[in-house]
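In what follows, a single structure is set out as structure tokens and then discussed.
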Amino acid sequence: MSIPSRALSRLRHEARRAARRLVDAAGQGERLSLVLARRRTLSTLEAGGWHERLLAVLEGGVTSTRSARWAAPDDDSIPLVMCLWNRPERIHDIVTMLERLDPARPVRVLLWNNDLALRAEYAWLDDHVPSGSLRSVDVVHSPTNLGGLARFVAIRLLRNGGYEGPVVMLDDDQDVRPSFVDDLLADHSPRRIAAWWAFDFGPSYWDRVQISVGSIADHGGTGGTIVDASLVDDDRFFLSLPERYAFLEDQWMSHYARTLGWTIVKADTEIGFVLEHKNQYHGLHERKDEFHRGLEDGSFPIGPEIGSSAKGRRQGRLNPRPPHPAHGAGA
């Protein structure tokens, strides 16, 4: 005798509920919820789309043109990441400026180049011997322009290597004073973002309200900022960000952090802008306000925890440059 489809559906539902009760009783309910949430999220990704390509980098890692010292689990030096786009004429001045920093602890730098066409402009860095405050310099040439989101991809790869602690972020159109790193470290604490470019919002993104140093902010920029690396531990930081707003990572960072209960404060340091007319945001003026409205009205939730793909074989790292074969050696 066959079971009516409605009754069969009911039996399946009850079986699933019973299985879930057993899982909860075994103390694995939270883990199961995470697995199911992750499965649902991954099932919505477009095949070969932006998020899948992003996930491939998180899982597969990237290669530095140098030793990959930046991603070592080293708490003696401070990691600083900078994205490069269309200002190659600045690179010598940037490296010199960073070498002239005067921090209490040495600094290790990662330069993430988002424009492969400019790779030759940075080739001299492959053999540059860092001096002054810099312990190391690594360079990544990304085949895809990830925009400023690349800095968070880099931080995730840093976390995969076992690092715990703060990361300094700087833009390639910013000049800083020698005390810059120590300034930010003085403002750092867990679950806090300290940003030089920080403000409150009025009715729109562009109705910004200036705030005083040390004040809690609605928004923190990503240039001239220090953040705890644990912010990007969950893949939802990357997969819940709509592709349309992928280059508005400062707004996403601020919204994501505040949703998690983190604090954003205005940092106490001084920064100057150069070649600001080359900034990508000039073409995103209307989109920034559009994204702001969506974040404020709940159109773009960060979603439930989905865990990290950084497990076993899928733990992406910043990898060192492969060694050159010895002269005269066989293949």
Side-chain angles (χ1 to χ4, degrees), residues 62 64-71 77-142 145-152 154-155 166-185 194-198 220-227 247 249-250 267-283 318 321:
V62 295
S64 169
T65 63
R66 301 194 57 156
S67 67
R69 174 67 183 272
W70 189 80
S77 60
I78 299 297
L80 183 153
V81 59
M82 174 185 291
C83 293
L84 307 175
W85 173 237
N86 61 352
R87 302 180 181 93
E89 66 272 33
R90 279 269 296 158
I91 193 61
H92 286 84
D93 290 341
I94 287 171
V95 173
T96 298
M97 175 183 69
L98 295 178
E99 289 178 333
R100 290 175 178 172
L101 292 172
D102 187 25
R105 294 159 61 183
V107 176
R108 58 190 200 263
V109 172
L110 174 65
L111 301 171
W112 185 294
N113 172 32
N114 275 312
D115 188 352
L116 273 182
L118 296 176
R119 180 172 186 149
E121 302 282 347
Y122 306 119
W124 65 275
L125 288 165
D126 295 349
D127 300 308
H128 176 70
V129 179
S131 63
S133 68
L134 296 190
R135 172 164 291 179
S136 63
V137 176
D138 279 290
V139 182
V140 168
H141 298 292
S142 177
N145 178 14
L146 298 180
L149 190 65
R151 74 187 88 230
F152 295 108
I155 293 174
V167 181
V168 174
M169 304 186 293
L170 188 64
D171 287 343
D172 62 354
D173 63 346
Q174 293 178 315
D175 280 341
V176 299
R177 62 189 185 184
S179 63
F180 168 67
V181 170
D182 280 352
D183 292 344
L184 292 187
L185 283 172
W196 169 77
W197 186 250
T222 49
T225 298
I226 190 167
V227 60
F247 285 10
E249 76 288 343
D250 56 337
D268 186 6
T269 192
E270 294 179 7
I271 296 179
F273 282 113
V274 293
L275 299 178
E276 196 271 343
H277 63 282
K278 288 190 171 185
N279 199 307
Q280 292 187 89
Y281 87 80
H282 291 299
L318 176 66
R321 173 178 60 188

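Because the structure is a prediction, the values reported are computed rather than measured.
Contact check for Val167 versus Val81: side-chain heavy atoms found under the 4.5 Å cut-off. Using a 4.5 Å heavy-atom threshold, the side chains of Met169 and Met82 count as separate. Residues Thr65 and Leu125 are not in side-chain contact: their nearest non-hydrogen atoms beyond the backbone lie 4.5 Å or more apart. Residues Arg151 and Leu110 fail the side-chain proximity criterion, which asks for heavy atoms closer than 4.5 Å.
Looking at every heavy atom in both residues, Arg105 comes nearest to Ser77 through NH2-O, 4.0 Å. The nearest pair of heavy atoms linking Ile271 to Gly224 is CD1-CA, 3.6 Å. Minimum heavy-atom separation, Ala194 to Leu184: O-CD2, 4.4 Å. The shortest non-hydrogen separation linking Gly147 to Cys83 is O-SG, 3.9 Å. Pro130 and Glu99 get closest at one heavy-atom pair: CA-OE2, 3.5 Å. Between Val62 and Trp112 the shortest heavy-atom distance is CG1-CH2, 3.8 Å.
Between the side chain of Asp115 and the main chain of Asn145, no donor-acceptor pair closer than 3.5 Å is present. When atom types are taken as modelled, the side chain of Ser133 and the backbone of Leu98 share a donor-acceptor pair closer than 3.5 angstrom. At least one donor-acceptor pair under 3.5 Å links the side chain of Arg66 to the backbone N or O of His128. Of the possible donor and acceptor atoms, none in the side chain of Gln174 sits under 3.5 Å from a partner among the backbone N and O of Gly272.
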### Message
Apply side chain to side chain contact (heavy atoms under 4.5 Å, CB included) to residues Leu134 and Val107 and explain how you reach the verdict.
### Response
CA-CA 5 Å; Leu134 296 190; Val107 176; 4.0 Å; yes

### Query
Is there a side chain to side chain contact (heavy atoms under 4.5 Å, CB included) between Leu185 and Ile78 once you walk through the steps?
CA-CA 9 Å; Leu185 283 172; Ile78 299 297; 4.0 Å; yes

### Message
salt bridge (charged side-chain N to carboxylate O under 4.0 Å, His left out), that's the test. Do Asp171 and Arg87 meet it? Break it down for me.
### Response
CA-CA 11 Å; Asp171 287 343; Arg87 302 180 181 93; over 6 Å; no

### Query
Does the pair Val140 and Leu318 meet the rule for a side chain to side chain contact (heavy atoms under 4.5 Å, CB included), with working shown?
CA-CA 9 Å; Val140 168; Leu318 176 66; 3.6 Å; yes

### From CA spacing to verdict: ring-ring contact (aromatic ring centres under 6.0 Å, His included), Phe273, Trp196
CA-CA 12 Å; Phe273 282 113; Trp196 169 77; 5.6 Å; yes

#### Entry: Derivation of the side chain to side chain contact (heavy atoms under 4.5 Å, CB included) call for Leu170 and Phe180
CA-CA 10 Å; Leu170 188 64; Phe180 168 67; 3.9 Å; yes

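Distance check, rounded to the nearest 0.5 Å: OG of Ser67 to CZ of Arg321 gives 8.5 Å. A distance of 10.0 Å separates CG in Asn113 from CD in Glu121, rounded to the nearest 0.5 Å. Note that CG of Leu118 and CG of Leu84 are 9.0 Å apart. Values are rounded to the nearest 0.5 Å. Atom CZ of Arg100 is separated from atom OG of Ser131 by 9.5 Å, given to the nearest 0.5 angstrom. Taking OH of Tyr122 as the start and CD1 of Ile91 as the end, the distance is 6.0 Å to the nearest 0.5 Å. Once rounded to the nearest 0.5 Å, the distance linking CG of Leu80 with CG of Leu101 reads 7.5 Å.
With hydrogens and angles left out, the side-chain atoms of Asp250 and Thr222 include no donor and acceptor closer than 3.5 Å. Ser179 and Arg177 share a donor-acceptor pair across their side chains, judged by distance under 3.5 Å alone.
Under the salt bridge (charged side-chain N to carboxylate O under 4.0 Å, His left out) rule, Arg90 has a single partner from Asp172, Asp175, Asp173, which is Asp175.
Below 30°, between 30° and 60°, or above 60°: for Trp124 and His92 the angle between ring planes is below 30°, a parallel geometry.
Taking 4.0 Å as the cut-off between side-chain N and carboxylate O, Asp138 and Arg108 do not count as a salt-bridged pair.
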